[in-house]
Amino acid sequence: MRPFVIDARVAIITSNFSPERTGIGQVTTEFARFLSSEGIEVRVATAFPYYPEWRIYAGYEGSLWREERLGNIKVFRAWHHATEAPRAFSRIAHEFSLCLLSIPNIIRALRGASTAYIVSPDLALAWVASSIAGVMRKRRVLFVQDVMPDAAIELGMLRSPVLIAVSRHLARALYAAADEIYTLGDGMRRRIGEATSAPEKIRVVPNTIDALELAPVPLEANRFRRQFVPEGKFAVVHAGNMGEKQNLPLLLRTAALLRDEPDIHFFVIGDGAVRDSFLRQKADMQLDNVTHAGFLDRELLPDMLCGADVFLVSQVPEAIDIVVPSKLVTAMGAGAMVVAACAPHSETGEIVSASGGGITTSPEDESALARSILSVRDGEVDTARCRRNARAYAVKHFSRREVYGPIADSLRAAANGGLPSPRQPEAEPALPGAALD
């Protein structure tokens, strides 16, 4: 006879959540949705949605707090400061206001929960949440999506010696207090391990895909090609967050080198903090071979990824073991032809090389990137093989059930006195927007 199941209750504290359509908000929402589909009660304390545009979404004006439901998930939101193209002061104001106003929501989310999943890189909010969870005697799992403050320092976003010292102290305190630490790759695990005395509690939990949702779309049925790509064009697509880490100036310099190749066209799909500067630079360079569009509907995601002749993943050279872009995992899951402009020993480069599902090139050399794009166009790369390898690798290593299933099993077993509790969950509902960073 099947044992009686006492479903677990967990809290997720994060600054980013649905309806945000990219990056950490998308990943965290997928995690929450999966746990909920497994019969686990999920409560989320988060911010009013604002990312990647760095402005609070329409419809959230006029209040300090908001309570919502996303399916069976109860979501507690708090107001915070947000301004487009944020500088250091704006980011501090954002974190301070969110920390202060999130305190009652964090307590509400934690009440009755067995485990608190605390999402970083928002170190200040994570520290507040960890402190409250400690007082309430909750098990604390730190979910590190970007290694902070290392990422901000190495990308030149954090320069103040005082803020660097404070941030490092917060990070070490978070690592020490956590009962378990999840992060996205082996390089990130090594980096975090250097800052904690208990590296054995660090576990790699990569970003995930829904293999069924990302099933490749045949070219003759591809809606992205029909709607966006003129006949005879070779489409180089960059999609997701438009931020400092994405190295968009490299794309523009490469487009300038290829302006005399009339069939090659660059499509930049998304939004973010550097969108306006990107568009100004594009206009100054008179690049008619570059088109920008906002986020597409979620239903077009597999069409866009596998409909691109080249799907470009570009990173600044400093992004080695501090981040893993969610767009890479998603693109591989759809069988995209990935060209990754990244440091050779970066997490991104290691995944592409291990999968045999794409090619890598320098993040600093537009000539090298241009040559890589031309090699794909000219048939020098076995793109069919790369696409098959990428999808097979992603399905094997990043399928949502394979990655998150053991976490849900452990939560249910703990709530059921250590007994196993098999379930047959319903299919996960589709999420709005594109799972890209």
Side-chain angles (χ1 to χ4, degrees), residues 7-47 49 51 68-77 109-110 113-122 125-126 129 133 138-146 178-185 188 202-211 213-214 298 323-327 329-330 333 394 397-412 414 423 425-437:
D7 288 342
R9 176 186 293 172
V10 301
I12 298 175
I13 297 96
T14 175
S15 57
N16 303 99
F17 199 70
S18 178
E20 293 179 358
R21 298 180 290 176
T22 187
I24 293 170
Q26 187 74 29
V27 170
T28 305
T29 302
E30 289 167 351
F31 179 61
R33 289 263 203 183
F34 182 86
L35 294 184
S36 180
S37 75
E38 292 278 301
I40 295 164
E41 183 179 346
V42 179
R43 295 180 179 178
V44 178
T46 189
Y51 190 82
E68 302 173 344
R69 277 198 174 272
L70 183 66
N72 293 324
I73 302 168
K74 187 173 288 188
V75 183
F76 306 112
R77 296 190 181 275
L110 287 170
S114 62
T115 301
Y117 291 97
I118 301 167
V119 181
S120 173
D122 198 328
L125 180 66
K138 305 298 181 183
R139 178 172 174 268
R140 289 171 283 184
V141 178
L142 183 64
F143 216 139
V144 180
Q145 292 282 327
D146 287 352
D179 296 288
E180 198 169 7
I181 300 171
Y182 295 169
T183 195
L184 303 180
M188 295 175 72
I202 308 170
R203 174 180 169 189
V204 173
V205 179
N207 290 332
T208 65
I209 63 162
D210 180 334
E213 178 194 15
L214 294 176
R298 176 79 180 200
V323 295
V324 176
S326 58
K327 73 174 67 178
V329 171
T330 307
H397 295 279
F398 305 129
S399 290
R400 198 157 297 149
R401 183 158 299 282
E402 293 299 316
V403 176
Y404 294 155
I407 297 173
D409 291 343
S410 176
L411 288 168
R412 286 197 307 270
R423 299 184 62 87
E426 299 177 358
E428 295 177 74
L431 299 172
L436 300 167
D437 183 14

query = How far apart are the C-alpha atoms of E38 and R401, what are their side-chain angles, what is the distance that settles it, and do they pass the side-chain contact (heavy atoms from CB on, under 4.5 Å) test?
reply = CA-CA 10 Å; E38 292 278 301; R401 183 158 299 282; 2.9 Å; yes
ask   = Are V205 and Y404 close enough, and set up right, to give a side-chain contact (heavy atoms from CB on, under 4.5 Å), and what steps lead you there?
value = CA-CA 8 Å; V205 179; Y404 294 155; 3.9 Å; yes
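Closest heavy-atom contact between V27 and S326: CG2-CB, 4.1 Å. The shortest non-hydrogen separation linking A47 to R77 is O-NH1, 2.8 Å. The nearest pair of heavy atoms linking I13 to A116 is CD1-CB, 4.3 Å. Residues A133 and R140 share a closest heavy-atom pair of CB-CG, 3.7 Å. Between A11 and L110, the shortest heavy-atom contact is CB-CD2, 3.8 Å. Contact record, P206 with T208: O-CG2, 3.6 Å, taken as the closest heavy-atom pair.
Atoms CD1 and NZ, from I118 and K138 in turn, are 12.5 Å apart once rounded to the nearest 0.5 Å. One finds the OG atom of S15 at 6.0 Å from the CG atom of L125 (value rounded to the nearest 0.5 Å). Separating the OG atom in S410 from the CD atom in E180 is a distance of 8.0 Å, to the nearest 0.5 Å. Distance check: Q145 CD to D122 CG gives 13.0 Å after rounding to the nearest 0.5 Å. From N207, atom CG reaches atom CG of L184 across 5.0 Å, with rounding to the nearest 0.5 Å. Here the straight-line distance linking atom OG of S18 with atom CD of Q26 works out to 7.0 Å at 0.5 Å rounding.
No side-chain donor-acceptor contact under 3.5 Å links D179 to the backbone of V141. Listed for the S37 side chain is a donor-acceptor partner under 3.5 Å among the backbone atoms of F34. S120 contributes no side-chain N or O that, together with a main-chain N or O of V144, makes up a donor-acceptor pair within less than 3.5 Å. The backbone N or O of I24 lies less than 3.5 Å from a partner atom in the side chain of T28, making a donor-acceptor pair. T46 places a side-chain N or O within donor-acceptor distance of the main-chain N or O of T14, the cut-off being under 3.5 Å.
Counting heavy atoms from C-beta on, the side chains of T29 and L70 come closer than 4.5 Å.
In this pair, F143 and F31 present their aromatic rings perpendicular. The plane angle is above 60°, beyond the 30 to 60° band.
The number of heavy-atom neighbours closer than 6.0 Å to CG of N72, taken from other residues, nucleotides and ligands shown, is 12 or below.
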